[in-house]
2 protein chains.
Amino acid sequence: MSHDDVYPASLQCGDCPIRHRAVCARCEANELDELESVKYYRSFEAGQTVIWSGDKMDFVASVVSGIATLTQTLEDGRTQMVGLLLPSDFVGRPGRDRAAYNITATTDILMCCFRRRPFEEMMERTPHIAQRLLQMTLDELDAAREWMLLLGRKTAREKIASLLSIVARRDASIRHRRTDNRLTFDLPLTREAMADYLGLTLETVSRQISALKREGVIELEGKRHVTVPDMQRLLIEAGDDSDGGLIV
Amino acid sequence: MSHDDVYPASLQCGDCPIRHRAVCARCEANELDELESVKYYRSFEAGQTVIWSGDKMDFVASVVSGIATLTQTLEDGRTQMVGLLLPSDFVGRPGRDRAAYNITATTDILMCCFRRRPFEEMMERTPHIAQRLLQMTLDELDAAREWMLLLGRKTAREKIASLLSIVARRDASIRHRRTDNRLTFDLPLTREAMADYLGLTLETVSRQISALKREGVIELEGKRHVTVPDMQRLLIEAGDDSDGGLIV
DNA sequence: ACCAGGATTTGACCCATATCAAGCAAGGCA
DNA sequence: TGCCTTGCTTGATATGGGTCAAATCCTGGT
C-alpha cells in the first residue's frame, strides 16, 4: 500500500494530531521537518467564522478535527455552500493572499496552520508537495462538479437523498459501524446548512426528510440521528448511477 | 512580465500553434523539449464527442483553438455542463486513467495532446509543471465554486445575465473591440448549451434573453451576436457584487 | 431561389419549490 | 418549575420555471 493510499488527503505528519491514521515513512522526511517551525494550531468553536471572504489569509491549513464549511453569498444574503472541510482536508491557496470564501466552523474545530510564504517556498523546492496538493485539488474539483450536477439538475428529493448518501458513505468509511447493509450515523449539519448545501430552503429540506422517513427510506431518531435500512434504495432515490458506491 | 503573466493557462510552447501568444523563454527549456516526442494533435468537428465519461483516457491535452464543454449526465438524460474548455485550457488528470466527464466539441477544435504516462513522469521530475497545473486547477476550482453559487441561488434572469457578462468579459479581454463602454461579441453556445450550463431549460433561456433585449439591457443581431450597451447595468442584473469586473 | 431540418421563439398551462406563518420540542437558565 | 431561545416541522398559498405544443426563423444543400 502506497503512502497515498494511507494518507489520501493529508500533508500532516510528525507530532501533528492527525497522525492517528498511521505512521508514514515520508513523514520522517526532512522537507516536512522544515515546516515545523512555521506550524501552529488554531481552534474555533462551533458557529465561529474562521475567515471572511476577501480577508487577508496568510496561512494554509489542514483540518485536524471537526467540520467547517466554505460558503459564498450574494449581497442580499442568499448563501450557497461551496465546500465542506472534513478532518484532513486542506484549505488555502498557495499564491493567493485573500480568502475566496467564508470559512465557518459548524462544530468545534482544530486546524493545523502553516504560514503561507514559507509553505510556498518549500513547495517550490519539493516536488511531491505540489503533486500531493494537485491530486487533492483535482479531487475537490471532481467533487465540485458532481455537486454542480446536483444543484443544476436534481429535484429536492434527489438532493436530500444524495446528501444523505454522501454523509453515510463518508461516515461508514471511517468507523465501521454497520450491521449487514444498515448504516447509521449523525448528521453533522443543521437543516439550514443542508439547505445552503443543496440550494434549497430549510423548509423544503425538512419536508423532504419527513417524506423519506414516512416512506421508510430512512429512519430518524431525534433530529440528527439517521439510519439507512437499505443503502441501495437510498442511492436510487438519489438518482445516481447505481455504481458500486455502496461497497464502502 | 513573468512567464505566468504571458501564459496564464498554457503549457504549450515550441511549434505548438498556440505560440502566437508570445515567445517565451521557458519554452526553450529542455524539460518541455522532452515532451515533443509524446506530443500529437487531434482535431474534432463541432458536435463531435471527444471522449465519454468513464472511457479510458491515456492522454492529457490543451485546447489550441475552438471550444469544448465538459458535461455530466444523469441516467434519464438530464445533463449539466460542469466546465468550459477555451483555447489554452488544460484537460486531463495526471494519475487517473478514466475520463470523469463527457467532453464535446461545440465548435471545431484542435487539441494538443501528450501521452499520459510520459507526461506524468516528467511532472514528477520538474516541479514547475506540477505547480503550474496546481495554479490552473485552483483557478478552475474557484470558477466551479462561483458557478455553484449561480446554480444554487440565482434566478433565471440572473443566471443569463451572469453568463452574458462572463462571455463578454472573456471576449473583451482577448480582442479589444470596445467603444466606450459598449461591448459586442458572439455567443459561442446554442440556447441548449446555455441551458445546460445554467441548469435551466432552453425555453427559459430564450424567454429571459428576449426579456433582457426587450428591456434594453442587451441588443441582439440575429441569434448569436450580442451587444451590451451598459456593462454596469448587466452586472447589476447578474446580481454580482459590483466589483471592478467591468474594467476588463 | 427553394426546400428541409434544425434552432429559436412564443404561448398556455402546470407543478415543484419558495414564501409566509404558526406551532412544537428540547435544552439552558433564572 | 416555567420561560426563552433555537432549531425544526407543518400548513396554506404564491410563483418561477418546467412542460408540451405550435409557429417562425436560419442555414446549408440542391
Side-chain angles (χ1 to χ4, degrees), chain A residues 45-48 69 74 76-80 104 106-107 150-164 186-215 218-226 237 239, chain B residues 45-48 74 76-80 104 106-108 150-164 186-215 218-226 237 239:
Chain A
E45 289 174 14
Q48 267 192 297
T69 62
L74 258 13
D76 60 8
R78 284 176 282 176
T79 102
Q80 174 66 52
T104 313
T106 66
T107 65
L150 177 150
L151 288 172
R153 294 301 186 196
K154 287 191 178 178
T155 64
R157 167 181 268 248
E158 289 170 332
K159 287 177 175 181
I160 295 289
S162 299
L163 175 56
L164 291 174
D186 284 322
L187 282 171
L189 303 170
T190 64
R191 299 289 186 266
E192 186 178 19
M194 288 162 57
D196 284 344
Y197 187 104
L198 301 170
L200 298 170
T201 58
L202 66 88
E203 292 95 328
T204 300
V205 169
S206 179
R207 274 187 252 271
Q208 295 297 338
I209 288 181
S210 298
L212 289 174
K213 176 182 168 188
R214 200 160 46 239
E215 296 167 33
I218 59 171
E219 289 156 26
L220 268 185
E221 220 173 293
K223 293 153 193 302
R224 293 297 191 86
H225 192 75
V226 179
E237 293 289 349
Chain B
E45 290 174 14
Q48 267 192 297
L74 258 14
D76 60 8
R78 282 176 283 176
T79 102
Q80 174 65 53
T104 312
T106 67
T107 66
D108 293 351
L150 176 149
L151 288 171
R153 293 302 185 197
K154 287 192 178 177
T155 65
R157 167 180 268 248
E158 288 170 332
K159 287 178 175 181
I160 295 289
S162 299
L163 175 57
L164 291 174
D186 284 323
L187 282 171
L189 302 171
T190 64
R191 298 289 185 267
E192 185 178 19
M194 289 162 78
D196 285 344
Y197 187 103
L198 301 170
L200 298 170
T201 59
L202 63 89
E203 293 95 328
T204 300
V205 169
S206 180
R207 273 187 254 272
Q208 295 298 336
I209 288 181
S210 298
L212 289 175
K213 177 182 166 188
R214 200 161 44 240
E215 295 167 33
I218 59 171
E219 291 157 24
L220 268 184
E221 222 172 291
K223 291 156 194 303
R224 294 298 190 84
H225 192 76
V226 180
E237 293 289 351

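A, B, ... follow the sequence lines: proteins, then strands. Residue 1 opens every chain.
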For C/dT17, does either OP1 or OP2 sit under 4.0 Å from a side-chain N or O belonging to A/Thr204?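 No, because none of the side-chain N or O atoms of A/Thr204 sits under 4.0 Å from OP1 or OP2 of C/dT17.
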Distance (rounded to the nearest 0.5 Å) between B/Leu220 CG and B/His225 NE2: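 Result: 9.5 Å between the selected atoms.
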Between the CG atom in B/Leu151 and the NZ atom in B/Lys159, the distance rounded to the nearest 0.5 Å is 5.5 Å
Not counting sequence neighbours, which residues clear side-chain contact (heavy atoms from CB on, under 4.5 Å) with B/Thr106? List them please. B/Ile67, B/Thr69
List the residues meeting side-chain contact (heavy atoms from CB on, under 4.5 Å) with B/Lys223, not counting sequence neighbours, and say none if there are none.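 B/Lys223 satisfies side-chain contact (heavy atoms from CB on, under 4.5 Å) with B/Arg191 only.
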For B/Ser162 and B/Lys154, which heavy atoms make the closest approach, and how far apart are they?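 Heavy atoms only, the tightest pair is OG-NZ, 2.9 Å.
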Residues of residues 187-201 of chain A with any non-hydrogen atom less than 4.0 angstrom from an atom of DNA chain D: list those, numerically ordered, please.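 The stretch gives A/Thr190, A/Arg191 as the residues lying under 4.0 Å from the strand, ordered by number.
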Tell me, do [X] and [Y] make a side-chain contact under 4.5 Å, heavy atoms counted?
X: B/Leu150; Y: A/Gln80; value: no
X: B/Ile218; Y: B/Leu164; value: yes
X: B/Asp186; Y: B/Val226; value: no

For B/Ser206, answer base if it contacts any base atom (sugar-phosphate contacts may also be present), sugar-phosphate if it contacts only those atoms, and nothing otherwise; contact means non-hydrogen atoms under 4.0 Å. base
How would you label the contact of B/Arg78 with the nucleic acid (heavy atoms, under 4.0 Å): base, sugar-phosphate, or nothing? nothing
[N] [atom2] sits how many Å from [X] [atom1], rounded?
X: A/Arg214; N: D/dT9; atom1: CZ; atom2: P; result: 12 Å
X: A/Leu220; N: C/dA25; atom1: CG; atom2: P; result: 15 Å
X: B/Leu202; N: D/dC20; atom1: CG; atom2: P; result: 13 Å
X: A/Glu221; N: C/dA26; atom1: CD; atom2: C1'; result: 15 Å
X: A/Gln208; N: D/dT10; atom1: CD; atom2: C1'; result: 13 Å
X: A/Gln80; N: C/dA18; atom1: CD; atom2: P; result: 12 Å
X: A/Arg224; N: C/dA26; atom1: CZ; atom2: C1'; result: 13 Å

I'd like to check the salt bridge (Lys or Arg N to Asp or Glu O under 4.0 Å) partners of [X]; sequence neighbours left out, ordered by chain and number.
X: B/Glu219; value: B/Arg182
X: B/Glu215; value: B/Arg157
X: B/Glu221; value: none
X: B/Arg78; value: A/Glu158, B/Asp76

Interface with DNA chain C, restricted to residues 150-161 of chain A and to heavy atoms under 4.0 Å: A/Thr155, A/Ala156
A quick test of your reading: do over 12 heavy atoms of other residues, nucleotides or ligands sit less than 6.0 Å from CD of A/Gln48? yes
Could you list the donor-acceptor pairs under 3.5 angstrom formed by side chains in residues 193-208 of chain B, with sequence neighbours left out?
from     : atom 1 : to       : atom 2 : distance (Å)
B/Asp196 : OD1    : A/Arg153 : NH2    : 3.2
B/Asp196 : OD2    : B/Thr79  : OG1    : 3.2
B/Thr201 : OG1    : B/Thr204 : N      : 3.4
B/Thr201 : OG1    : B/Thr204 : OG1    : 3.1

What is the bend of the helix from C/dA1-D/dT30 to C/dA30-D/dT1 when you compare the axis at one end with the axis at the other, using five pairs each and rounding to 10°?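 For the helix from C/dA1-D/dT30 to C/dA30-D/dT1, the axes at opposite ends meet at about 30°.
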Report each atom pair, protein N/O against N/O of nucleotides 21-28 of chain D, whose distance is under 3.5 angstrom.
none

Dump every N/O contact between nucleotides 12-14 of chain C and the protein below 3.5 Å, one line per pair.
none

